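What you see is a predicted model, and the numbers here were worked out from it, not measured in a lab. By convention in this document, chain letters (A, B, ...) are assigned in the order of the sequence lines, proteins followed by strands, and residues within each chain are numbered from 1.
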There are 2 protein chains.
Amino acid sequence: MPPRKRTTPAPLAQPFKARAQPVKPAAPRLRDAEQTRADILRAARRAFATAGYARSGMRDIAAAAGITPALVVRYFGSKQGLFVAAIAGELALEPFLAAERGVLGRHIARHLFSKPRPEADILTILLLAAGDEEVRGLATELFTARIVQPLARWLGPPRAEARASLLLALISGAWMFRRALPLRSFAGGPDTVLVAELAAQLQRIVDGE
Amino acid sequence: MPPRKRTTPAPLAQPFKARAQPVKPAAPRLRDAEQTRADILRAARRAFATAGYARSGMRDIAAAAGITPALVVRYFGSKQGLFVAAIAGELALEPFLAAERGVLGRHIARHLFSKPRPEADILTILLLAAGDEEVRGLATELFTARIVQPLARWLGPPRAEARASLLLALISGAWMFRRALPLRSFAGGPDTVLVAELAAQLQRIVDGE
DNA sequence: GCGCCAAGTAAACGTTCGTTTACTGGAGAA
DNA sequence: TTCTCCAGTAAACGAACGTTTACTTGGCGC
């Protein structure tokens with residue numbers, strides 16, 4: 001097939017780029033390093049969780065935090081440093097485990113389908129970071145050290161690591177299509193057939209069949 | 001906490017960017033539009049599947065195909081057009097279904113843990129595209145129209161769509177940590193405890209419990 | 001009230017990006 | 001042989017990127 005002459009295909013999505021607005025547009029920002037640092041981290045998490053690492057610009061994050069990109073560099077050294085700070089100590093197993101073994105499946109499933117908090121959604125950040133060589137290593141380390149290993153310890157024999165890996169895969173897959181790449185069939189509330197089915201499968205893995 | 005003065009944190013990964021080399025460096029490239037088009041698509045798929053959409057530059061793709069970026073535009077109109085062409089008609093359910101219902105779980109599990117082909121790995125491309133607003137819509141449409149709906153039809157009652165969604169989630173999660181964001185616990189061959197466990201869980205969903 | 005340090009800004013750095021424009025040259029038809 | 005497409009190239013466009021430099025200014029200790 002010869003190349004088409006000049007038929008520019010209609011763009012699938014406009015390059016429209018909504019410049020993030022500061023939360024308080026006209027307030028002259030009182031000088032509070034601690035607060036500013038927290039604002040930057042919140043804005044960064046929200047950006048990384050919705051647009052991924054590569055597509056989240058320093059200028060956008062700074063604007064969303066109500067400050068200047070140079071200040072972000074001053075606080076975190078670089079974009080990579082900001083990413084590290086944004087996910088450091090924030091991926092924990094506990095929110096998923098806060099339940100007895102017998103109802104863990106249902107607990108996790110309902111957690112997945114609860115209201116999202118984009119500024120605290122570390123799992124989405126890490127999943128979206130998969131394509132960025134710059135930060136991919138960090139994500140794999142975190143998943144292994146903070147999820148698979150402690151979960152395997154918590155589950156116990158038999159086949160602890162395989163069952164932990166499987167739980168992670170199922171949870172991440174569901175999370176993916178619920179949050180990062182939303183599919184229609186994952187769009188319902190926490191009382192749907194899908195959630196019940198998901199809960200049952202998770203519980204089966206927890207129980208070791 | 002005050003910002004650190006000038007402590008640039010050691011970079012986690014060098015900005016080293018291996019400029020992709022043409023497959024045949026010094027060959028003066030014979031003029032074959034069809035072949036060139038195929039070369040570009042192959043290079044594009046490989047790039048998108050390893051670096052994601054945003055991080056795959058037109059120059060890198062063109063260089064890997066042994067041509068000039070302007071030629072890529074001439075053939076596909078734009079980067080988005082290239083992406084569309086790269087995934088069009090390539091995400092199919094059939095490779096996963098080529099088995100009888102009774103052994104489908106094992107079939108899929110082994111397929112996931114077989115040797116990867118980066119130039120044909122559409123599933124990875126779509127998973128990595130999750131963070132790119134430009135192409136995210138395409139990915140969701142493809143997953144729904146090419147995977148969930150036909151799979152639900154193939155599975156049949158009861159709870160066809162929920163089971164299809166669950167299968168997609170589990171497959172994608174495993175694929176994620178096997179291909180896109182490789183974890184140590186997913187690194188083994190096709191004859192591991194994990195693969196057996198995965199096969200069993202998949203089969204349970206296929207069987208409807 | 002007055003320094004002074006640090007919080008914060010403004011503007012530019014050099015690079016890379018996707019894309020455009022103008023050109024070159026190989027090969028089939030006459 | 002010469003004409004003429006069209007595959008392919010070279011170079012540059014403007015915009016956006018992460019980051020750096022130099023500057024301004026608010027609030028606290030004395």
Side-chain angles (χ1 to χ4, degrees), chain A residues 1-6 8-9 11-20 22 27-40 44 47 51-63 65-83 132 134-135, chain B residues 1-6 8-9 11-17 19-20 22 24 27-40 44 47 51-63 65-83 132 134-135:
Chain A
M1 198 204 309
R4 289 165 285 170
K5 289 295 168 46
R6 271 290 89 208
T8 304
L12 300 160
Q14 284 74 5
F16 170 80
K17 186 127 187 207
R19 278 290 172 205
R29 177 154 212 99
L30 46 96
R31 298 188 161 202
D32 183 338
E34 197 106 18
Q35 181 62 48
T36 299
R37 194 185 164 85
D39 289 347
I40 297 172
Y53 180 76
R55 282 256 128 92
S56 297
M58 295 285 272
R59 286 163 230 264
D60 297 311
I61 294 173
I67 46 107
T68 287
L71 199 55
V72 180
V73 176
R74 212 166 82 99
Y75 274 71
F76 299 99
S78 69
K79 191 184 177 184
Q80 266 193 49
L82 174 60
F83 185 84
D132 275 282
E134 259 181 277
V135 292
Chain B
M1 198 204 305
R4 288 164 286 169
K5 288 296 167 49
R6 272 291 86 208
T8 305
L12 301 160
Q14 285 74 5
F16 170 80
K17 185 129 187 202
R19 278 290 172 206
K24 303 238 172 166
R29 180 158 208 94
L30 47 96
R31 301 191 156 199
D32 184 337
E34 197 106 18
Q35 181 63 49
T36 300
R37 192 186 164 86
D39 289 347
I40 297 172
Y53 179 77
R55 282 257 129 91
S56 298
M58 296 285 270
R59 285 162 229 265
D60 297 311
I61 294 173
I67 46 108
T68 286
L71 200 54
V72 181
V73 176
R74 212 166 83 97
Y75 274 71
F76 298 99
S78 68
K79 190 183 177 186
Q80 266 193 48
L82 174 60
F83 185 84
D132 276 282
E134 258 182 278
V135 291

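Atom CD1 in A:I67 sits about 18 Å away from atom P in D:dT25, given to the nearest Å. Across the protein-nucleic acid pair, A:L71 atom CG and D:dT24 atom P stand 18 Å apart, rounded to whole Å. The distance between atom CZ of A:R37 and atom C1' of C:dG8, rounded to the nearest whole Å, is 16 Å. When rounded to the nearest whole Å, the span between CD1 of B:I61 and P of C:dT19 equals 11 Å. We find that CD of A:Q80 is positioned 17 Å from P of D:dC17, with the value rounded to whole Å. For A:R55 and C:dG18, the CZ to C1' distance is 11 Å, given to the nearest whole Å. Whole-Å rounding puts the B:Q35 CD to D:dC6 P distance at 20 Å. Taking atom CZ of A:F83 as the reference point, atom C1' of D:dC17 lies 18 Å away to the nearest angstrom.
Contact annotation: B:Y75 reaches the phosphate of D:dG8 (side-chain N/O to OP1 or OP2, under 4.0 Å). In this structure, B:T36 does not reach the D:dA7 phosphate: none of its side-chain N or O atoms is under 4.0 Å from OP1 or OP2.
Heavy-atom minimum distance, A:A47 versus A:I61: CB-CG1, 3.9 Å. For the pair B:P69 and B:A62, the tightest heavy-atom approach, listed with the atom from each and the gap, is N-CB, 3.5 Å.
Picking from D:dA7, C:dT9, C:dT19 the nucleotide with the shortest atom distance to the side chain of B:A33 gives D:dA7. Minimum atom distance to the side chain of A:R74 is reached by C:dG8, of the listed C:dG8, D:dT19, D:dC17.
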Check nucleotides 10-15 of chain C against the protein and report each pair of N or O atoms closer than 3.5 Å, with its distance, or say if there are none.
none

Output a table of nitrogen or oxygen pairs between the protein and nucleotides 25-28 of chain C separated by less than 3.5 Å.
{"unit_1": "C:dG25", "atom_1": "N2", "unit_2": "B:R31", "atom_2": "NH1", "d": "2.6"}
{"unit_1": "C:dG25", "atom_1": "N2", "unit_2": "B:R31", "atom_2": "NH2", "d": "3.2"}
{"unit_1": "C:dG25", "atom_1": "N3", "unit_2": "B:R31", "atom_2": "NH2", "d": "3.2"}

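Here the side chains of A:I67 and A:D39 are not in contact, with every heavy-atom distance at 4.5 Å or above.
Of the candidates B:M58, B:R59, B:K79, B:V72 forms a side chain to side chain contact (heavy atoms under 4.5 Å, CB included) with just one, namely B:M58.
Expressed to the nearest 0.5 Å, how far CZ of B:F76 lies from CD1 of B:I40 amounts to 5.0 Å.
Ion pair A:R55/B:E134 flagged as a salt bridge, since at least one NZ, NE, NH1 or NH2 atom sits closer than 4.0 Å to an Asp/Glu carboxylate oxygen.
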